[in-house]
Amino acid sequence: MAENDSRSAYLAARKLGRKYVSEHSGDKDKGYLHVLEDNTRGVEILAEINLGFHEIPLNRIVGTRTAARSNSFAGNFMPLLGDDTEFAIKWKKVYESQLVEGIREPIKVYEYINHYYVLEGNKRVSILKYVGAASVYGNIIRLLPERDETNDDISIFYEMLDYDKKMYFEGLWFHRRGNFTRLMNQTEKYLKDHPEVTDTVEETINNTYRRFHKAFRASKLEGLELTSGDALVEYSQIFGYPYAAEQRELVRNIRKAKAQFQVAEGSRKRDTMEVDAAKAEVQPVRPRLRKSMVHAAFAFDDDPSTSLFTRWHCLGIDRIERKYKNNLTVERMYNVNRYPGGPFAALQELAAKKPDVLFTTSPTMSDASLRIALENPELIVLNCDRPREGKNLNTYFSKMFDMTFLCGVLAAAMSRSGIIGYMNYAAWGELKTTYEINAFALGARLINPRAKTLDYTLRGINSWREHDLARQTMAQHGADVAFCRHSPDNPLDRVAFPEIYAQLYGLSPEGYTLESYAGASFDWEHFYDKVISDAIEGRTALLESRHIGGNPIHFGWGMSTGIMDIYPVNNVIGERATRLVNIFRDLVREDRLAPFEGPIWDRDGNLRIDHGVQPPLLELQRMHWLESSVEELNPLPED
């Protein structure tokens, strides 16, 4: 009876194998097993590391070590040889043993870039795949190829190896560089915040991934190309690390996050709308017998009495609330980042009040805003942040480089030495971007082609001592004019300059400020007026369509909208310099002069922007190189 069962199983498995070969005859391996020796030909293997015994996912076992066995199996590991061959007899005996006591003897495999190739146990793998098993116990020998930064798979493999060359992750893989590092950071943070969890990092990731992978498959999201490892990283960023999450909760949240997964994998792209004066024009609210009421909610990461950033938003919102008092109700929540339960709990409380639009006014609320948007598809969520690639969230921000470009024009006009300084800052815990200082330098070189810009990057925006050190260092290197940021949480700056973001100062040789040439400021009223008035009139189709089904959109508000400007101190700089600033301001506002129109070279002499090209906003956002006239005084370690 067992013999008949095993023969029937072999014939059924062989039929599946022959079908696979027929359907894949045009493939590189012609439908047969992948061969490790072929896949590593021309690749230098630096070492072999024995990882010991582990459960190996059968779907990651893709071939055999040598070509000797490759023609005995189809690419799906189903047998191909005749029923009366010695090979078939052995296959059937192993199958009969599996029916009685299971597969007890471990197999032996080579791991090469997250795929496994059988050294011992091809028939055991074949039978387990035939009966639908998920994994097999075996000894793993890891092969280490030579590094190759041009190869994404090898680079991702080494991203994992650089953490620990002997660490084993069960089926975990990524399509995007950097995601393993993100997952390690998320895991280590979770273990730090939950000392009651005694698992190692390796155990924590494997236990979490095993359950997440099962839920990801059960959610049956079609058309996604990202791996379940990529999805786990995105999920953890939105909903928190799912170490203790129940299966039903995982499946529900994974389905909610489909739009974010699509953006993360690149099947949906982020769009940008660069807003000029015409697009920002506020249409008058027409009188109606029954006027529309809009309920708007605003979340702030701080308090207007302690933070300039929050104050700038609040000033604009106050004016809009008075202007549309008969058509607008406003809900506000301050100190969101200190809210019990964190930013998401705060935004959840606001969302429960059913506003029409939720404005989250700081990049620090980006992840919580994304989760709220995914969980409340009927709610329009707008986050004040730079454009984020890979994030399914509508955002708005000013095109700050318009303002720094104008400051560069005035700095060069006022400098006697031709050396000017720029106080930079890596805001909101991010890597430093360079498009703002590059715009400053490019503006200066329009006035003085030989102008040199000194880049001093603040580590902490609110340190008076560091601000003093920045000015002294720039002066020591010859700067006599500098763009100096204000401390948003510094009481002195808040009281003395309540509306000012930064000032352009003349510097003494010792680095003391001599006089102010201009101040830079924001006015968010223009943005909120446009969005609220459109909502009152029912003109929200663009936001609604993008939020629910279309690509996420970023609204980049330029200088022509009035959202920001620089204000020259006329009696200090004189009539001609004031006139110069006004001329260049008009050129920028009317789009007759683009700060980043090529040709533009970097410090190494590379042509970064071609002749006549004006890069889109998202491309400028990715800028991490410095224009040829910029000199870094204190590079950040990660730069």
List the steps, then state whether side chain to side chain contact (heavy atoms under 4.5 Å, CB included) holds for Trp557 with Lys530.
CA-CA 11 Å; Trp557 282 58; Lys530 175 63 177 173; 3.7 Å; yes
How about CD on Glu225, more than 12 heavy atoms from neighbouring residues, nucleotides or ligands closer than 6.0 Å, or not?
no
For Glu196, is the CD atom crowded, meaning more than 12 foreign heavy atoms sit under 6.0 Å from it?
yes
Should Thr204 and Thr200 be marked as a side chain to side chain contact (heavy atoms under 4.5 Å, CB included) after you check the CA-CA gap, both sets of side-chain angles, and the distance that decides it?
CA-CA 6 Å; Thr204 302; Thr200 64; 5.9 Å; no
Tell me yes or no: between the side chains of Asp152 and Ser155, is some donor less than 3.5 Å from an acceptor?
no
Inter-residue atom distance Asn394.CG - Ile553.CD1, 0.5 Å rounding:
7.0 Å
Is any side-chain heavy atom of Ser362 less than 4.5 Å from a side-chain heavy atom of Cys384?
no
We want to know whether Glu265 and His175 form a side-chain donor-acceptor pair, criterion being a heavy-atom distance below 3.5 angstrom.
no
Please report the shortest heavy-atom distance between Ile372 and Ala351, naming the atom on each side.
CG2-CB, 4.3 Å
Under 3.5 Å, is there a donor on one side chain and an acceptor on the other for Thr395 and His554?
yes
Among Arg217, Lys214, His213, find the one that has a side-chain hydrogen bond (donor to acceptor under 3.5 Å, both in side chains) with Ser228.
His213
Between Glu375 and Arg371, is the closest basic N to carboxylate O distance under 4.0 Å?
yes
We want to know whether Tyr425 and Arg485 form a side-chain donor-acceptor pair, criterion being a heavy-atom distance below 3.5 angstrom.
no
Identify the heavy atoms of Thr361 and His313 that sit nearest to each other, and give their distance.
O-NE2, 3.5 Å
Measure from the side-chain N and O atoms of Ser307 to the backbone N and O of Pro304, and report whether any donor-acceptor pair falls under 3.5 Å.
no
Walk me through whether Leu328 and Met293 qualify under side chain to side chain contact (heavy atoms under 4.5 Å, CB included).
CA-CA 6 Å; Leu328 176 66; Met293 286 296 298; 5.8 Å; no
Under 3.5 Å side-chain donor-acceptor pair for Tyr324 and Asp529:
yes
Find the distance between OH (Tyr241) and OH (Tyr190) and round it off to the nearest 0.5 Å.
8.5 Å
I'd like to know if the side chain of Asp230 and the backbone of Thr227 have a donor-acceptor N/O pair within less than 3.5 Å.
yes
Any side-chain heavy-atom pair of Arg608 and Glu627 under 4.5 Å
no
Is the closest side-chain donor-acceptor distance between Asn207 and Asp199 under 3.5 Å?
yes
Can you tell me how far CG of Leu626 sits from OG1 of Thr434, rounded to the nearest 0.5 angstrom?
5.5 Å
With distance as the sole criterion, is a donor-acceptor pair present between the side chains of Thr404 and Glu436 under 3.5 Å?
no
Can any side-chain N or O of Gln260 pair as donor or acceptor with the backbone N or O of Asn392 at less than 3.5 Å?
yes
Taking the side chain as everything from C-beta on, heavy atoms only, tell me whether Val588 gets closer than 4.5 Å to Ser560.
no
Taking everything shown except Arg177 itself, do over 12 heavy atoms lie less than 6.0 Å from its CZ?
yes
Does Arg332 come within less than 4.0 Å of Asp318, counting only side-chain N to carboxylate O?
yes
Is the distance between the ring centroids of Tyr235 and Phe239 under 6.0 Å?
yes
Please answer whether the main-chain N or O of Val336 pairs with a side-chain N or O of Asp301 as donor and acceptor at a distance below 3.5 Å.
no
Distance-minimising heavy-atom pair for Phe483 and Cys407
CE1-SG, 3.8 Å
Can you find a pair of side-chain heavy atoms, one from Phe174 and one from Leu232, that are under 4.5 Å apart?
no
Is it the case that the side chain of Arg585 and the backbone of Ile566 share a donor-acceptor pair, with hydrogens and angles ignored and the cut-off at 3.5 Å?
yes
Just checking, is any N or O donor in the side chain of Asp302 or Tyr334 under 3.5 Å from an acceptor N or O on the other one?
no
Can you see which heavy atom on Met564 is nearest to which on Gly558, and at what distance?
CE-C, 4.0 Å
Distance-only side-chain donor-acceptor flag, Arg176 / Asn179, under 3.5 Å
no
May I ask you to check whether Tyr422 and Tyr456 place their ring centres under 6.0 Å from each other?
no
Strictly distance-based, threshold 3.5 Å: is any side-chain N or O of His526 a donor or acceptor partner for the main-chain N or O of Gly562?
yes
Looking only at heavy atoms, what is the nearest atom pair of Phe397 and Asp385, with distance?
CB-O, 3.3 Å
Is it the case that atom CD in Glu249 sees more than 12 heavy atoms from other parts of the structure closer than 6.0 Å?
yes
Electrostatic pair Asp523:Arg319 at N-O distance under 4.0 angstrom:
yes
Does a side-chain heavy-atom distance below 4.5 Å link Glu321 with Lys325?
no
Has the side chain of Ser219 got a donor or acceptor atom that lies under 3.5 Å from a matching backbone atom of Val251?
no
So CD of Glu619 and CZ of Phe596: to nearest 0.5 Å the spacing works out to 11.0 Å
Side chains of Val201 and Leu191, heavy atoms from C-beta outward: is any pair under 4.5 Å?
yes
Gln186 side chain to Val233 main-chain N or O, any donor-acceptor pair under 3.5 Å?
yes
Would you say the side-chain atoms of Asn383 pair up with the backbone N or O of Thr360, donor to acceptor, closer than 3.5 Å?
yes
Salt bridge between Glu331 and Lys354, side-chain N to carboxylate O under 4.0 Å?
no
Between the NZ atom in Lys399 and the CE atom in Met403, the distance rounded to the nearest 0.5 Å is 13.5 Å
I'd like to know if the side chain of Arg210 reaches the main chain of Ile205, judged simply by a donor and an acceptor atom lying under 3.5 Å from each other, with no hydrogens or angles considered.
no
Interatomic distance, Leu358 atom CG to Ile380 atom CD1 [nearest 0.5 angstrom]
10.5 Å
I'd like to check Trp173 versus Met160 (side-chain heavy atoms, cut-off strictly below 4.5 Å). Are they in contact?
yes
Ring centers of Phe169, Phe180 separated by less than 6.0 Å:
yes
Assess the pair Trp524 and Tyr396: is the distance between their ring centroids shorter than 6.0 Å?
yes
Test Arg589 against every option in Thr561, Asp402, Asp565 by the side-chain contact (heavy atoms from CB on, under 4.5 Å) rule and name the one that passes.
Asp565
Can you find a side-chain donor-acceptor pair between Tyr435 and Arg386 that sits under 3.5 Å?
yes
Flag for Thr364-Asn337: side-chain donor and acceptor within less than 3.5 Å:
yes
Closest approach of Ser521 and Ile500, non-hydrogen atoms and distance?
CB-CD1, 4.4 Å
Would you call Lys391-Asp367 a salt bridge at under 4.0 Å N-O?
yes
Side-chain heavy atoms of Asn438 within contact of Val630, under 4.5 Å:
yes
